Structures are given as C-alpha cells and as structure tokens.
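The structure presented is a predicted model; accordingly, all values stated were derived computationally and were not measured. Atoms considered below: every heavy atom in the structure, side chains included; atoms not considered: hydrogens, waters and symmetry mates.
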Amino acid sequence: MLIRYYIYAKFYKMKIALVGATGMVGNVMLKVLAERKFPLTDLILVASQKSVGKRISWQGKKYVVQSLDQAILLKPDIALFSAGSQCSLYWAPKFAAVGTTVIDNSSAWRMKSGHKLIVPEINSSELNAEDKIIANPNCSTIQMVMALAPLHKLYGLQRIVISTYQSVTGTGVMAKKQLENEVAGTQSEMAYPYSIFLNCLPHCDDFLFTGYTREEMKLVHETRKILGDQSIGITATAVRIPVIGGHSESINVTFKKEFDLTTVRKTISNTEGLTLQDNTDTNTYPMPKYAEGKNDVFVGRLRRDESYKNTLNMWVVSDNLRKGAATNAIQIAEKLIEKELL
C-alpha cells in the first residue's frame with residue numbers, strides 16, 4: 001500500500017489548503033506535513049481576515065496567507081481545518097461544494113450523522129469517496145481510543161472511568177501565555193477563571209446542566225462512535241494542569257472477559273502508534289514532558305485493579321497538538337491518498 005501511495009502521489013497534483021494556518025495547531029500541522037514528506041504540490045495557507053497578506057515560510061519558500069473566499073476559488077483537493085467550530089460549520093460545506101475533501105479538527109462535525117469520526121489506525125476502513133467532510137476526534141479521545149481499541153478487540157470494553165490531566169495548549173495560545181506570564185510573575189489576559197500556575201482546574205470546556213463539562217462528554221460520545229459500540233459505559237473527569245507538553249489520562253477499564261497482563265503488554269507493544277513505557281523497577285512510565293513533539297501515544301502503569309473483576313488500570317500520555325490534532329488529521333489525508341478516494 002505504501003508503494004501505491006507514492007506512485008499515486010507522484011502523478012497526482014495535490015493541492016492542500018490549511019485553514020487556521022497561523023494558529024497553534026496550524027503551526028504544528030506545517031511541521032508534520034514537512035516531517036512526513038506529505039506529497040503536496042500546492043500549499044494554500046488560510047487564516048482570519050486580520051492575518052491575510054502575512055507571509056509564512058515553509059520548506060524554504062514564502063507563502064502569502066489568503067482568505068477563505070480566495071482559497072475556495074483555488075479548489076484544493078484537501079482542506080485541513082483548525083479554525084474553530086463556527087468557522088467550520090459555515091465554511092466546510094462551501095469547500096465541499098467545490099469538490100474539496102475537508103478534514104476538520106473542531107467539534108463541529110464529530111457527532112453529526114453521516115460524518116465519519118476517524119482515527120486512522122482504528123477505523124480508516126470506513127472512509128469512502130463520498131466523505132467530503134471528515135471529523136478529527138477530540139485530542140483526549142484520540143489518545144484513549146488508541147490505547148483501548150486493540151484491547152477492545154481482545155476482551156470487549158464494558159466500562160471506562162477516565163480522569164484527564166490536560167495541557168494548557170489544549171485551550172490555545174492565550175492559555176499558554178497566561179501560564180508563562182504567571183510563572184514570570186506578570187499579569188496578562190486570563191484564559192481561565194483562576195490562576196493555572198501551581199494549580200489545577202477541574203474545568204475543561206463549558207459546564208453542562210448535568211454538571212459534566214463538554215470535554216468530559218466528548219470522551220463519552222466520541223469513544224462510542226469511533227469504536228462502534230454504544231453499549232460501553234463511560235464516565236470522565238477532565239482537569240486542566242500547568243503543563244505544556246501534552247495530555248495525561250488515568251484510565252480504569254473493565255472488560256467483558258478476563259485478561260492477561262502479559263498479553264496486554266505485548267498487544268500494546270505491537271500496535272502501530274503506541275509505545276509501551278511500563279517498568280516500575282526503572283521508574284519508566286509516560287510523562288507529558290517527554291511526549292512533547294512526538295507522534296506516538298505512550299502507555300504505562302499497567303496493573304490489575306484488585307477491587308473489581310476483569311478491570312485494568314493504565315496511564316496514557318500523548319502530545320495533544322500532535323496525535324491529538326495535527327498528526328491524526330494528516331494521517332487521515334494520507335489514507336485518502338493511499339485509498340485513492342480523492
């Protein structure tokens with residue numbers, strides 16, 4: 001399949017638009033496109049009106065940031081969207097109408113009927129040529145399902161209890177600046193209702209009438225959709241911590257069948273996109289500081305929950321701007337090329 005990918009890319013002019021090119025995820029997308037040698041022939045950088053006309057350097061060439069209207073006229077093959085839900089709800093259908101396949105990083109399309117929610121290692125087989133707006137899952141969902149999907153095949157997921165410890169980069173540039181300024185002892189615009197330095201906030205995204213946050217419910221609904229199993233019991237608490245490197249998750253998972261820890265470790269070690277870091281003798285376990293800038297999902301602290309049958313505890317870490325956003329979106333684009341769906 002890899003050979004077909006490069007042959008197809010060589011003879012097909014690939015025009016890529018990056019919507020939200022000046023944002024935090026947009027910057028990482030540019031890095032990932034270069035690192036993975038994505039076979040584009042034309043790159044269209046798109047941002048809000050205030051950024052139109054700016055110049056961005058990529059791969060030794062300068063690109064002028066264009067408006068959404070201008071980008072649509074150029075009819076890109078793929079548009080990578082990372083510009084927020086409202087932008088995507090309005091503009092993604094307009095790109096799709098001219099034949100562009102949109103891969104959207106916002107929450108706008110994830111739970112909409114008729115739109116695929118894709119983690120390539122898990123469910124890229126669902127993609128077809130009719131998919132013109134494809135959703136990229138939430139960052140905290142992606143790393144969790146990456147770790148759980150191969151175990152779901154072996155033992156069947158019955159219930160998941162998740163506590164997340166999420167980087168400020170998941171909120172955006174303003175949150176990162178808030179943390180940096182608080183560390184430096186200077187005041188700045190607040191992304192959060194409280195200080196984040198030397199603190200943790202059990203508050204990711206908006207609260208719903210149920211008392212859960214939107215971030216917590218994304219873990220519930222998106223996981224079931226990606227794994228194709230609405231019967232899985234899922235509950236979550238999402239916490240923001242003063243970290244920049246990535247998101248961490250404590251996961252307590254109950255299986256339908258009895259499991260073997262040796263098989264669990266072997267399965268994780270042999271799964272594409274996962275790295276096992278699980279040796280308490282050498283203090284080897286995943287940490288966001290060391291996941292930053294990497295595309296894999298790191299899994300460790302594997303241990304049997306002795307208080308309940310068929311239940312496993314695990315610790316999962318990933319760079320939320322990489323596999324949690326930019327890398328996953330670009331992997332979807334690679335699958336579209338590989339499967340000749342454009």
Side-chain angles (χ1 to χ4, degrees), residues 18-32 45-57 65-68 80-91 104-108 110 136 138-141 163-209 211-219 236-249 288-289 291-293 317-322 324-326 329:
L18 175 49
V19 179
T22 58
M24 190 173 284
V25 174
N27 287 331
V28 177
M29 282 184 173
L30 287 172
K31 291 179 183 178
V32 176
L45 300 185
V46 186
S48 63
Q49 199 60 43
K50 66 180 181 181
S51 295
V52 172
K54 287 184 178 179
R55 293 180 177 272
I56 295 176
S57 295
V65 175
Q66 303 193 45
S67 69
L68 285 152
L80 301 168
F81 265 65
S82 189
S85 294
Q86 292 306 310
C87 175
S88 179
L89 285 170
Y90 183 80
W91 288 99
D104 180 50
N105 194 53
S106 79
S107 61
R110 291 173 186 161
N136 206 36
N138 187 45
C139 47
S140 53
T141 304
S163 295
T164 72
Y165 306 85
Q166 299 186 206
S167 164
V168 294
T169 57
T171 306
V173 174
M174 186 191 299
K176 183 171 180 284
K177 287 182 178 178
Q178 178 184 331
L179 175 58
E180 290 170 343
N181 286 329
E182 287 174 356
V183 170
T186 60
Q187 290 188 334
S188 67
E189 190 175 0
M190 300 279 285
Y192 303 118
Y194 300 98
S195 170
I196 188 64
F197 180 51
L198 298 179
N199 198 14
C200 64
L201 307 179
H203 180 183
C204 295
D205 210 327
D206 299 326
F207 284 107
L208 304 170
F209 73 93
Y212 287 89
T213 64
R214 293 185 186 280
E215 184 78 7
E216 290 159 354
M217 295 315 296
K218 288 173 188 175
L219 282 159
T237 300
V239 181
R240 192 72 64 187
I241 61 173
V243 162
I244 289 176
H247 291 352
S248 304
E249 295 173 340
K289 180 176 181 178
E292 186 176 11
V317 177
S318 183
D319 185 327
N320 54 293
L321 299 181
R322 286 268 178 164

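- Contact check for Gln187 versus Asn181: no side-chain heavy atoms found under the 4.5 Å cut-off.
- Distance CZ/Arg110 to CG/Asn138: 4.5 Å, rounded to 0.5 Å.
- Ser167 places a side-chain N or O within donor-acceptor distance of the main-chain N or O of Val243, the cut-off being under 3.5 Å.
- Closest of all the heavy-atom pairs between Ala329 and Met29 is CB-CE, 3.9 Å.
- The local environment of OH in Tyr90 is sparse, with at most 12 non-hydrogen atoms from other residues, nucleotides or ligands closer than 6.0 Å.
- Not counting sequence neighbours, Ser163 has no partner by the side chain to side chain donor-acceptor pair (under 3.5 Å) test.
- For Ser106, the side chain to side chain donor-acceptor pair (under 3.5 Å) partners two or more places apart in sequence, or in a different chain, are Asp104.
- For Tyr192, the OH atom counts as densely surrounded, since its 6.0 Å shell holds more than 12 non-hydrogen atoms of other residues, nucleotides or ligands.
- For the residue pair Met174 and Glu189, the shortest heavy atom distance occurs at CE-OE2, 3.5 Å.
- Taking the side chain to side chain contact (heavy atoms under 4.5 Å, CB included) definition, one finds that Glu182 meets it with Gln178, Met190, Ser195, Ile196, Phe197, sequence neighbours left out.
- Partners of Lys54 by side chain to side chain contact (heavy atoms under 4.5 Å, CB included), not counting sequence neighbours, listed by chain and number: Ser51, Val65.
- Residues satisfying the salt bridge (charged side-chain N to carboxylate O under 4.0 Å, His left out) test with Arg240, not counting sequence neighbours, are none.
- Side chain of Asp319 to main chain of Gly293: a donor-acceptor pair is present (N/O by atom type, distance under 3.5 Å, no hydrogens or angles).
- In terms of heavy atoms, Ala47 sits closest to Val52 at O-CG2, 4.2 Å.
- By the side chain to side chain donor-acceptor pair (under 3.5 Å) test, Ser85 pairs with Ser107, sequence neighbours left out.
- Shortest non-hydrogen contact noted between Cys200 and Val239 is CB-CG1, 3.9 Å.
- Here the closest heavy-atom approach between residue Pro242 and residue Leu198 is recorded as CG-N, 4.2 Å.
- For Asp205, the side chain to side chain contact (heavy atoms under 4.5 Å, CB included) test picks out Arg214, Glu215, Lys218, with sequence neighbours left out.
- For the side chain to side chain contact (heavy atoms under 4.5 Å, CB included) test, no residue two or more places apart in sequence or in another chain qualifies with Phe209.
- Heavy atoms only, all atoms of each residue included: Asn27 and Thr22 are closest at ND2-O, 4.0 Å.
- The side-chain contact (heavy atoms from CB on, under 4.5 Å) test with Phe81 is passed by exactly one of Val25, Asn136, Asn105, Val19: Val19.
- Checked against side chain to side chain donor-acceptor pair (under 3.5 Å), Tyr165 has no partners two or more places apart in sequence or in another chain.
- Looking only at distances, a side-chain donor or acceptor of Thr213 sits under 3.5 Å from a matching main-chain atom of Cys204.
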